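In this text, all values refer to a predicted model and were calculated from it rather than measured experimentally.
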Amino acid sequence: MASSPSLLTKISHPFHSLSSLYPTKITLFDFATVQSFNFLKNFSSNADSTNFHNFNFDSFFANLIDNSSQKTNLEQVHAKFFLLGIHQRGFLITKLINAAVNLGEIGYARKVFDEFSDPDVFVWNAVIRGYSKYNLFAGAIELYSRMQVLWVSPDGYTLPHVLKACGGLPCLKMGQQVHGQIFRLGFEKDVFVQNGVVAFYAKCGKIASAKVVFERLEIRNVVSWTSMISGYAQNGQPIEALRIFDEMREMGVMPDWIALVSVIRAHTDVEDLEHGKSIHSFVIKMGLELESDLLIALTAMYAKCGQVMVARSLFNQMKVPNLILWNAMISGYAKNGYADEAVKLFRDMISRNIRTDSITARSAVLACAQVGSFELARWMDNYISKSEHRDDIFVNSALIDMYAKCGNVDMARIVFDRTLDKDVVVWSAMIVGYGLHGRGREALDLYQLMNQAGVHPNDVTFLGLLTACNHSGLVEDGWKLFHCMKNYGIEPRHQHYACVVDLLGRSGYLDQAYDFIMNMPIEPGVSVWGALLSACKIHRHVTLGEYAAERLFSLESYNTGHYVQLSNLYAYARMWDRVAKVRVLMREKGLSKDLGYSLIEINGKLEAFRVGDKSHPRSKEIYEELESLERRLKQAGFVPDTYSSLHDLNDEEMEETLCNHSERLAIAFGLISTAQGTTLRITKNLRACINCHSATKLISKLVNREIIVRDANRFHHFKDGVCSCGDYW
DNA sequence: ATAGGGTTAG
């Protein structure tokens, strides 16, 4: 080993400037320095004994850091810094921290930072960037405050990261302070900093402030434009987002892939498939179709616009599993009624050990709610309660909703009770659940508890309460609650007004309902007129019902349901000529009655039946059971109302058809496939028809079973000859 | 020496 005295003096040379700062350390490390020199020789051809006094440690280590692909490499380099006594070189520490951040080793980056005694602005920027990059916003802000306590002034590189953190939390107050500071420090012309300010205000929902800052900018680049576009997209103004995009194109600014992601999101929100497709072709023209985040955005767009097949083919193009892509696909399936596909994909994810997050869990739970299978719901609950998502309140509110929609509001209550830190959505989900099942009293009791817990209700809470009152006949309570809304500063929406119309209509106050509609501060829509028509049908108020129907036809002339409701009103009032007229009207418009179907869950498997369905393998037994049920119904004095349904048949045929209604087939199948006393759970796509409703009531008594039917509108619990809906639906 | 904007959602 060449360790002559002359060599040692020469080795200390590169540290001259440092040794004046840290003289003692250099002396202490003399021996180690020699050892490290050998280390350097192993790595670098220029570290030989002839030119080492010119050796450039900065570039040597910078190179070494750049080529580090693991945390251990960085740790070795950092150890050498100590050995060589260069561990206080800001340049190298900055490099090291940035490298650690780029490897995702934020904890290690922080450790290096903490061992550094006197960080300059570069070092601060590196560590703050790390926290901001990985969405550790509180950490970024805490570091930023410490930086200022130590009198290190932020520069144009610090501020964008800090602004990202303020927007990410979001914390309006903090960001506004930073904005003030930016003004004082004179960064109003710095486009990087100002873009950060725009994005910050947009994320805090202060889109007007964002716009002011944006418009004051003299130079706007693609990032400035993107900040505005995404700002509008994030704040529920997709149309405005698209307008800004057009403006940007007119100014000749070329979008990059991130800009396009925001534009696609705006198209996704307006569900404008046509323009979305043209953006897709634009993406291809720009040669950006392989950009994975664009692929994700496009998949989400097609999925949300109902084109799940197209979405799936894009999804299949992605080679490496991506969490957000899977989430987009699962929620796309769930939203468009492909619930079984959504659940299949979720199970696929689990079996392939792809990481799930709380959004995945929420989407999967949402899908289960739509499937309506109680067994599946239990499976999902069981999975979630064993997973890391068990305490996530978003997931739990979805679970509450799921159980309620799968017919078991008591299980929903169990989830509700085990949810800690209930927020307004958790409370509302439970209240809506009780409402759906006509358990109005419990909904109101829960509302009391919610008030005692100091949780402020929102519009959904009131919607749940009003629905609960409707479904349980609590007319007085509902009326009072509606007038309570303004005390909480909540503006009633269409649905709330529709509930009140329903409420008044239920008790036969049809003229009052009409007056109420006429005095609404907003234009009455489909839900309101629909509620009035429905009430008119129950009370056989033909003239008012015709008026409501007219309004409905002008609002939605192709919605079959409105025609069927009017026809049912005429049938209830025994005005057969008008029933026929509606039928002619529908034929002229090319409309036909939606085909009814029912699903019944047997041993966790859903079986589907249509009207007069004979395709089931046990069809023969089913019809035998059906006949025996008919006999027992007749013996019990049941007389079917043969005219209340929209059919052009003679009486005998009609009676037969009514007995063949899909829910009857489902009930018959349920009775022969399950043990005595088992609850039957049925889901149907339309509202319950009056005949089947009366028949099911009686059947529940005759066979001594609880029968739970989820129709298009609500749940009916049939037991001992009565239904929880009180015959109003 | 270092940067900024985006996607899934009860």
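- Look at Gln234(A) and you won't find any side-chain N or O under 4.0 angstrom from OP1 or OP2 of dG5(B).
- Residue Val425(A) has its side chain nearest to dG10(B) when only dG10(B), dT2(B), dG4(B) are considered.
- In this structure, Arg265(A) reaches the dT8(B) phosphate: one of its side-chain N or O atoms is under 4.0 Å from OP1 or OP2.
- The side chain of Lys203(A) lies closest to dG6(B) when the candidates are dA3(B), dT8(B), dG6(B).
- Nearest to the side chain of Phe122(A), among dT2(B), dT8(B), dA3(B), sits dT2(B).
- Considering only side-chain N and O atoms, Arg362(A) lies nowhere under 4.0 angstrom from the phosphate OP1 or OP2 of dT8(B).
- Using a 4.0 Å cut-off on heavy atoms, the residues of residues 301-329 of chain A that approach DNA chain B are Ile324(A), Asn327(A), listed by number.
- Considering only the side chain of Asp357(A), dT8(B) comes nearest among dT8(B), dA3(B), dG10(B).
- Between His78(A) and Phe81(A), the angle of the ring planes goes over 60°, which puts this pair in the perpendicular group of the 30/60° scheme.
- Taking only side-chain nitrogens and oxygens, Ser230(A) comes nearer than 4.0 Å to OP1 or OP2 of dG6(B).
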Using atom types as modelled, flag every donor-acceptor pair under 3.5 Å from a side chain in residues 243-253 of chain A to any protein atom, sequence neighbours excluded.
residue: Arg243(A); atom: NE; partner: Glu240(A); partner atom: OE1; Å: 3.2
residue: Arg243(A); atom: NE; partner: Glu240(A); partner atom: OE2; Å: 3.0
residue: Arg243(A); atom: NH1; partner: Glu247(A); partner atom: OE1; Å: 3.0
residue: Arg243(A); atom: NH2; partner: Glu240(A); partner atom: OE2; Å: 2.8

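- Side-chain N/O atoms of Ser397(A) and base N/O atoms of dG10(B) include a donor-acceptor pair closer than 3.5 Å.
- Considering only side-chain N and O atoms, Lys335(A) lies nowhere under 4.0 angstrom from the phosphate OP1 or OP2 of dT8(B).
- The base of dG4(B) does not come close enough to the side chain of Asp190(A) for any donor and acceptor atom to sit less than 3.5 Å apart.
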